[in-house]
Each structure stands twice: as structure tokens, then as C-alpha cells.
Trainee: 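Here's a structure for you.
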Amino acid sequence: MTACTATGRAGGPRGKSSLAISLVRIRLALGALIFLAIAGTAPAIAQQLAPDGAPNPTASGVNQQTLLREEPRITGYIDIPDTRASVLIQPAGRTWDHFHEVTLHWFGAIVIIGMIAVLGGAYLIVGPLRISAGQSGKKVHRFNAFERFSHWLTAVSFVVLGLTGLNITFGKILLLPVIGKDAFSSLSQAAKYMHNFTSFAFVIGLVLIVAMWLKDNIPRKVDIDWLRQGGGFIKSKHAPAGRFNAGEKAVFWIALLAGVAVAASGYMLLFPFYVTNILGMQIAQVVHAVIAVLFVAAILAHIYIGTLGMEGAFEAMGTGEVDLNWAKEHHDLWLRDQLAKEHQPAASASAD
């Protein structure tokens, strides 16, 4: 009995020692696990700090480029009826912004300055195309008052649209540093209204021109011959033409097609979201800008030929009459028909 009691007393302390050792080992294991966990999260914590050591609040967010690649646009949830307002980010807008702020500047400058350089070189090297036989002093009626009014309505409105449109593209680069922010802001606001409202006059003039001259601008076989003969710019060759030659017909169709394109795209921008969404409007703006720049370049060539590039050409739209020798050289088939019409009434009157 005594021995058993002694043994029990002796086993009690040993059991407590074993339990204590086990607890220590568990604590050490837990400590090691915690240490490893902290060591593993240290790089992540370091990544959430900015280069200067300050906390980076966006480090734990989703990478923006990854997010933009996942969806064509980023939308939220809204309670108002206009679902377009739920679009928070539209990645295509960045492409459009780069086009408007970078690509369009280079494209517009190259096309317009390039055309001016070509026309300037043509004037310096070739010079104006003179009437070979000189002025005859006799005039032939070419355009009536309403035709000239329609032409100048379209021409003046186009110049206003061109200048105000170029201000939208190049104004911040060229004018803003010169006239200052306040003056540029006022000028641009006025230019915007002029651009919007002048567009209606341009469309009216374009419709009138098409209605009057469409039948005279249908391509014909004689236009091919005109091109083969150098379009009247080779003095040793004669290029036959009716009321409008192939070059003038080209300007007519360029004006018609480009005018329809800029008008349609422009009115989509003037009345936003009635026909399309924001992506469609961005495409409309790109189309509007590109066609407008090419249109301006083409009309610069038309203006040059009608003023400095050809003797006697401006009189057709200035007074409505042209010199007889000019008509012989540039529109001989039309002149023949005109003279036949004038002689026919006179012959009928003498027969009576």
C-alpha cells in the first residue's frame, strides 16, 4: 500500500512535466507557422507601398488594363431611365481621344499643307494657264444669276465651315498660345455656333447645285478624251469638253459625296444619341473629320484653278459671262451648242 502510494505520488509530477513539454512544442509550432505566414505576406505588403514608402491605396485593386481587356466597357447599376449613364469607362474612348489629339493633327497638317505646297509649286513652275489667243473682247453667257447665287451660297458657307472646323482641330495648338485662354474660349464658342448653323446653308446650297447641274455632270465619252489630252494644261493639245469638263465633273461628285458624308455625320454629332450610341458618335466624328480634311484639300485645288491657276475662269462665277476665246479653248462643245441656240431664233425670225 505504501509503495503504491509512493509510486502514484512520483508519477504525478512526471505527467505534468510531459504536458508542459507538449504545450511548449505546440506553441513553438504555432509560432513557426505564424512566422512563415508573416514572411509570405511581407512581399504583398511591400507591393502595396509606393516607391517613396507611402501606402498605395490602389495596389490591392484589379489591374486596370486587365479589367479593360475583360469587357468592352465598364458599367455600373443605376436607378434612372437613361441606361447610357451607367457606362463608367469606355476603352474605345481612349482610341478616339488619341485619334482626335494626335492622329488627326498629323493627318490634317500633312494633307492640307501638302496640297498648299503642291499648288504653290504649280504656280511657281507652270504659272497660270493663259488664253492662247488672248482676250477677244466678246462675251458668252455661261451662268445665270440663280446658278451663281447657289454656287456662292455653297462656297461661302463651306469656307465658314472649313475655318471653324479647323479651329476645333488646330485651334489649341495655333491660336491659344497667341491670343490667350479667354479670347480663345470666346472665339471657339462663337465658332462652334457658326459651324452648327452655317451647315444648314451649306446643305441648301448643295441641294440646289445638284438639282441644277446633275444632268450636265454625268460622265461621258468625251471626258476620257479630255483626260487623254491633258485636261487643257498641255498647250500643244486641245481637250474637248461640254458645259463641264472631266475635272469640273470630278469636283462636282467630290462635293456631292463628301457633302453628304460630312452633313450626315455632322448632324449625328449635332443631335447626339438620337440615332446611335457613344461608340457610333465616336465613329461619326472620325468620319466627319477625315472627310472634311480631304474635302478642304480638294476645294483648295478648285479655288486655285478658278482664280490664280486659269486666266478668265473666275469671270464665269463673278459676272456669269466668259470670253469667247476662253470658251473655245476650254468648253468648245458647249460653246458650239450655245452659238447654235443663239443663231436658231435669229434664223427663224428672218424666215418669218
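Sequence positions, counted from 1, serve as the residue numbers for this chain.
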Trainee: If you count heavy atoms of other groups shown closer than 6.0 angstrom to CD1 of I113, is the number above 12?
Mentor: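 No, not enclosed.
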Trainee: What about W253 and I224, same hydrophobic cluster or not, with Ile/Leu/Val/Met/Phe/Trp/Tyr joined at side-chain heavy-atom distances under 4.5 Å?
Mentor: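 W253 does not cluster with I224.
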Trainee: Donor-acceptor check, side chain of H141 to backbone of E321, threshold 3.5 angstrom: yes or no?
Mentor: no
Trainee: For the CG atom of L176 and the NZ atom of K172, what is their distance to the nearest 0.5 Å?
Mentor: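 L176 atom CG to K172 atom NZ measures 9.0 Å (nearest 0.5 Å).
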Trainee: Any non-hydrogen side-chain atom of Y193 less than 4.5 Å from a side-chain atom of Q189?
Mentor: yes
Trainee: Do I291 and M268 share a hydrophobic cluster (ILVMFWY, side-chain heavy atoms under 4.5 Å, transitive)?
Mentor: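 No, I291 and M268 fall in different hydrophobic clusters.
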Trainee: Are I303 and V156 linked, directly or through other ILVMFWY residues, by side chains that come within less than 4.5 angstrom of each other?
Mentor: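 No, separate clusters.
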Trainee: Could you tell me the separation between the CD1 atom of I204 and the OG atom of S199, rounded to the nearest 0.5 Å?
Mentor: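 Answer rounded to 0.5 Å: 9.5 Å.
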Trainee: Shared ILVMFWY cluster between M194 and L175, side chains joined below 4.5 angstrom?
Mentor: no
Trainee: Let me know which of D216, N217, D223 forms a side chain to side chain donor-acceptor pair (under 3.5 Å) with K249.
Mentor: D223
Trainee: Report the residue from F202, Y274, F200 that forms a ring pair (Phe, Tyr, Trp, His ring centres under 6.0 Å) with Y267.
Mentor: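 Testing Y267 for a ring pair (Phe, Tyr, Trp, His ring centres under 6.0 Å) against F202, Y274, F200 leaves exactly one candidate, F200.
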Trainee: Nearest 0.5 Å, please: how far is CD in Q282 from CZ in F99?
Mentor: 11.5 Å
Trainee: Taking the ring of F244 and the ring of W213, is the distance between their centroids below 6.0 Å?
Mentor: yes
Trainee: Taking the side chain as every heavy atom from C-beta outward, state whether N325 and K328 have any atom pair closer than 4.5 Å.
Mentor: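 Touching, per the 4.5 Å side-chain cut-off.
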Trainee: Between W326 and I131, is there a donor-acceptor pair closer than 3.5 Å when you use the side chain of the first and the backbone of the second?
Mentor: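 Side chain of W326 to backbone of I131: no pair is present.
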Trainee: Taking CG in N144 as the centre, count heavy atoms belonging to other residues, nucleotides or ligands within less than 6.0 Å. Is the count above 12?
Mentor: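 Yes, enclosed.
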Trainee: Any link between W152 and F252 through a network of hydrophobic side chains (Ile, Leu, Val, Met, Phe, Trp, Tyr) touching at under 4.5 Å?
Mentor: yes
Trainee: Kindly check if the number of other-residue, nucleotide or ligand heavy atoms within 6.0 Å of CZ (F197) is above 12?
Mentor: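 No - once you tally the heavy atoms of other residues, nucleotides and ligands closer than 6.0 Å, there are 12 at most.
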Trainee: Counting N and O atoms only, with roles assigned by atom type, does the side chain of H331 sit under 3.5 Å from a partner on the main chain of A241, one being a donor and the other an acceptor?
Mentor: no
Trainee: Considering residues at least two apart in sequence or located in another chain, which fulfil the side chain to side chain donor-acceptor pair (under 3.5 Å) criterion with S136?
Mentor: D323
Trainee: Measure the CG-CH2 distance between N245 and W334 for me, rounded to the nearest 0.5 Å.
Mentor: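 With rounding to 0.5 Å, CG (N245) is 12.5 Å from CH2 (W334).
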Trainee: Pairs under 3.5 angstrom only: tabulate donor-acceptor contacts from the side chains of residues 161-169 to other protein residues two or more places apart or in another chain.
Mentor:
unit_1: T164; atom_1: OG1; unit_2: V160; atom_2: O; d: 2.7
unit_1: T164; atom_1: OG1; unit_2: L161; atom_2: O; d: 3.2
unit_1: T164; atom_1: OG1; unit_2: H195; atom_2: ND1; d: 2.8
unit_1: N167; atom_1: ND2; unit_2: S188; atom_2: OG; d: 3.3

Trainee: Looking at F314, does the NZ or CZ of R148 lie under 6.0 angstrom from its six-membered ring centre and within 45 degrees of the ring axis?
Mentor: no
Trainee: Has the side chain of E329 got a donor or acceptor atom that lies under 3.5 Å from a matching backbone atom of S132?
Mentor: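 Yes; judged by distance alone, with no hydrogens or angles, the pair exists.
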Trainee: Rounded to the nearest 0.5 Å, how far apart are CD1 of I283 and CD of Q285?
Mentor: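 Here the interatomic distance stands at 11.5 Å.
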Trainee: When you measure from the side chain of T154 to the backbone N and O of S150, does any donor-acceptor pair fall under 3.5 Å?
Mentor: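 Checked: pair present.
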Trainee: From H100 NE2 over to H105 NE2, what is the distance, rounded to the nearest 0.5 angstrom?
Mentor: 6.5 Å
Trainee: How are the rings of Y123 and Y304 set relative to one another: parallel (under 30°), tilted (30 to 60°) or perpendicular (over 60°)?
Mentor: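 Perpendicular: the ring planes of Y123 and Y304 meet at over 60°.
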